[in-house]
Undergrad: 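This is the structure I have questions about; it appears just below.
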2 protein chains.
Amino acid sequence: MKQRTKARGPRPSSIARVPGIDYAGLDGILGYALRRAQLAGFEAFHGATAGVDITPPRYTALVIVGANPGLTQSTLGAVLGTARSGAMLLTDWLEERGLARRRRLAGDARAWGLYLTPRGKALSSRLRRRVKAYDAAFARRLSSRELGTLRRLLDKLVGAP
Amino acid sequence: MKQRTKARGPRPSSIARVPGIDYAGLDGILGYALRRAQLAGFEAFHGATAGVDITPPRYTALVIVGANPGLTQSTLGAVLGTARSGAMLLTDWLEERGLARRRRLAGDARAWGLYLTPRGKALSSRLRRRVKAYDAAFARRLSSRELGTLRRLLDKLVGAP
DNA sequence: TATTGTTATACTCTATAACTATA
DNA sequence: TATAGTTATAGAGTATAACAATA
């Protein structure tokens, strides 16, 4: 393992159904059902990254920088839906661990281009494989037909093309 | 309005699709699709609670205490899937705003029972109506048939009966 | 011994505002 | 003026650990 063995910090747990509790229509809310499902998906991620000190946004940053070398921090922020300052902290985190480097871009002296180091590339590819496998195991709770339907409905819900 | 008019703190925004970016299979991950959908649902919640200083866990605490008077903090924590210390902070928050009260329970001198005040009940019922309406508007992006399918698949995914 | 609530501490995630250097 | 990055600050959410009172 390259990173610390213990993931610290908040790990949102799934929402257990407590017997005898009146949920007062809370479980009739679509947003609540989505939240529960998302937490179940998070657990798959957590299993995939056990033993590696990483979190979902950090994983996303790692993968996105890996697939888009030379990306600027602003663009990374746009992809993550986060403010520039957050993209900077993520970049710091990657750089401190030797996973990525900032390099000056030719066209614009204000911006940095982000690039994974060999170590970052190795971690990215290892984790991508693991996350994919765990996610597939999670998705296997549905038939492939159901899964296709679910993906279509989720896309429609968020207005994806 | 009874609460502060401005909700502060982090409001997770939705994940925009940035053109020209290689997502490297990230969007093939079910957990990622669920996350995007959940954020869209969160926006519905945010619209419903505009002008009221409340967050999803605080809203959940308000509703759950309202529907289960005499609930202990430990049970509230179990419902929310959070540690006791978190349930305590939520209870403090409710109490500071005059929305709930702690009262000693007869059976166990260690535990507090939680009860909404009239003000808490009023806020709870107003917000429940608004959240339900906004959630319904959000859900209307799907046909009622699709919605039924989605709910069934989400329940199956989290292993709900 | 175990549980309830509490306090203390820490870390992640996110945001806004003000600043600098550059465009 | 506008943008990229940075710094400072703040609040929300979550966790663990240790403690007192009670079971």
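All chains are named by letter (A, B, ...) in the order of the sequence lines, taking the proteins before the strands, and each is independently numbered beginning at 1.
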Undergrad: Residues in ring pair (Phe, Tyr, Trp, His ring centres under 6.0 Å) with Tyr115(A), at least two apart?
TA: none

Undergrad: Given atom CG of Asp92(B) and atom P of dG5(C), what is their separation to the nearest angstrom?
TA: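 Value for this atom pair: 12 Å.
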
Undergrad: Check Arg84(B) against Ser74(B) and note the closest heavy-atom contact, atom names and distance.
TA: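 Scanning both residues completely, I find the closest heavy atoms to be CD-OG, 3.6 Å.
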
Undergrad: Which pair of heavy atoms, one from Ala48(B) and one from Arg130(B), lies closest together, and at what distance?
TA: O-NE, 2.7 Å

Undergrad: Quick one: label Arg102(A) by what it contacts on the DNA or RNA (base, sugar-phosphate, nothing), any heavy atom closer than 4.0 Å.
TA: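 Answer is sugar-phosphate: Arg102(A) comes under 4.0 Å of backbone atoms only.
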
Undergrad: Give me the bend of the helix from dT1(C)-dA23(D) to dA23(C)-dT1(D), using the axes of the five pairs at each end, rounded to 10°.
TA: 0°

Undergrad: Distance check: side-chain N/O of Trp93(A) vs OP1/OP2 of dT12(C), anything under 4.0 Å?
TA: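 For dT12(C), neither OP1 nor OP2 has a side-chain N or O of Trp93(A) closer than 4.0 Å.
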
Undergrad: Starting at atom NE2 of His46(B), determine the distance to atom P of dT14(C), rounded to an integer number of angstrom.
TA: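 In whole Å, dT14(C) P lies 15 Å from His46(B) NE2.
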
Undergrad: For Lys156(A), is there an ion pair with Glu146(B) - N to carboxylate O distance below 4.0 angstrom?
TA: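 Here Glu146(B) pairs with Lys156(A) in a salt bridge, since their nearest N and O are under 4.0 Å apart.
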
Undergrad: Once you round it to whole Å, what is the distance between C1' of dA12(D) and CG of Leu94(B)?
TA: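 Going from CG in Leu94(B) over to C1' in dA12(D) covers 15 Å.
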
Undergrad: Answer yes when Asp92(A) and Arg102(A) have at least one side-chain N-carboxylate O distance shorter than 4.0 Å, and no when they do not.
TA: yes

Undergrad: Could I get the full list of ring pair (Phe, Tyr, Trp, His ring centres under 6.0 Å) partners for Tyr23(B), not counting sequence neighbours?
TA: none

Undergrad: Check if the side chain of Ser85(A) and the base of dT16(C) share a donor-acceptor pair of N or O atoms closer than 3.5 Å.
TA: yes

Undergrad: Looking at Thr55(A), does any N or O in its side chain come under 4.0 Å of the phosphate oxygens OP1/OP2 on dC13(C)?
TA: yes

Undergrad: For Leu114(A) and dA4(D), what is the distance between atoms CG and P respectively, to the nearest whole Å?
TA: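 It works out to 13 Å between those atoms.
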
Undergrad: I need the Thr91(B) OG1 to Gln73(B) CD distance, nearest 0.5 Å.
TA: 4.0 Å

Undergrad: Below 6.0 angstrom between ring centroids: does that apply to Phe45(A) and Tyr134(A)?
TA: no

Undergrad: Would one find a side-chain N or O of Arg84(A) under 4.0 angstrom from OP1 or OP2 of dA15(C)?
TA: no

Undergrad: In residues 65-79 of chain A, which ones come under 4.0 Å of DNA chain D, going by heavy atoms?
TA: Thr72(A), Gln73(A), Ser74(A)

Undergrad: Identify whether any heavy atom of Ala83(B) sits under 4.0 Å from a base atom; if not, whether one sits that close to sugar-phosphate; answer base, sugar-phosphate or nothing.
TA: base

Undergrad: Give me, pair by pair, the N or O atoms of the protein and of nucleotides 20-23 of chain C that are less than 3.5 Å apart, along with how far apart they are.
TA:
| unit_1 | atom_1 | unit_2 | atom_2 | d |
| --- | --- | --- | --- | --- |
| dA23(C) | OP1 | Ala109(A) | N | 3.0 |

Undergrad: Using whole Å, what does the distance between atom C1' of nucleotide dG5(D) and atom CZ of Arg101(A) come to?
TA: 19 Å

Undergrad: Between atom CZ in Arg58(A) and atom P in dC11(C), what is the gap in whole Å?
TA: 11 Å

Undergrad: Check whether Leu80(B) and Val131(B) end up in the same hydrophobic cluster, where Ile, Leu, Val, Met, Phe, Trp and Tyr are linked by side-chain heavy atoms less than 4.5 Å apart.
TA: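 In one cluster with Leu80(B): Val131(B), yes.
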
Undergrad: Could you tell me how far apart Met88(B) (CE) and dT9(C) (P) are, to the nearest whole angstrom?
TA: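 These atoms are roughly 15 Å apart.
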
Undergrad: Would you kindly give the CG-to-P distance between Leu89(A) and dA15(C), to the nearest whole Å?
TA: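 Rounding to the nearest Å, CG of Leu89(A) and P of dA15(C) are 11 Å apart.
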
Undergrad: Checking Thr82(A) side chain against Ala78(A) main chain: does a donor-acceptor pair fall under 3.5 Å?
TA: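 No, Thr82(A) side chain to Ala78(A) backbone: no donor-acceptor pair under 3.5 Å.
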
Undergrad: Tell me which pairs pass salt bridge (Lys or Arg N to Asp or Glu O under 4.0 Å) where either residue lies in residues 17-33 of chain A, with sequence neighbours left out.
TA: Arg17(A)-Asp27(A)

Undergrad: Measuring from Leu62(B):CG to Arg97(B):CZ, what's the distance to the nearest 0.5 Å?
TA: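 The CG atom of Leu62(B) sits 11.5 Å away from the CZ atom of Arg97(B).
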
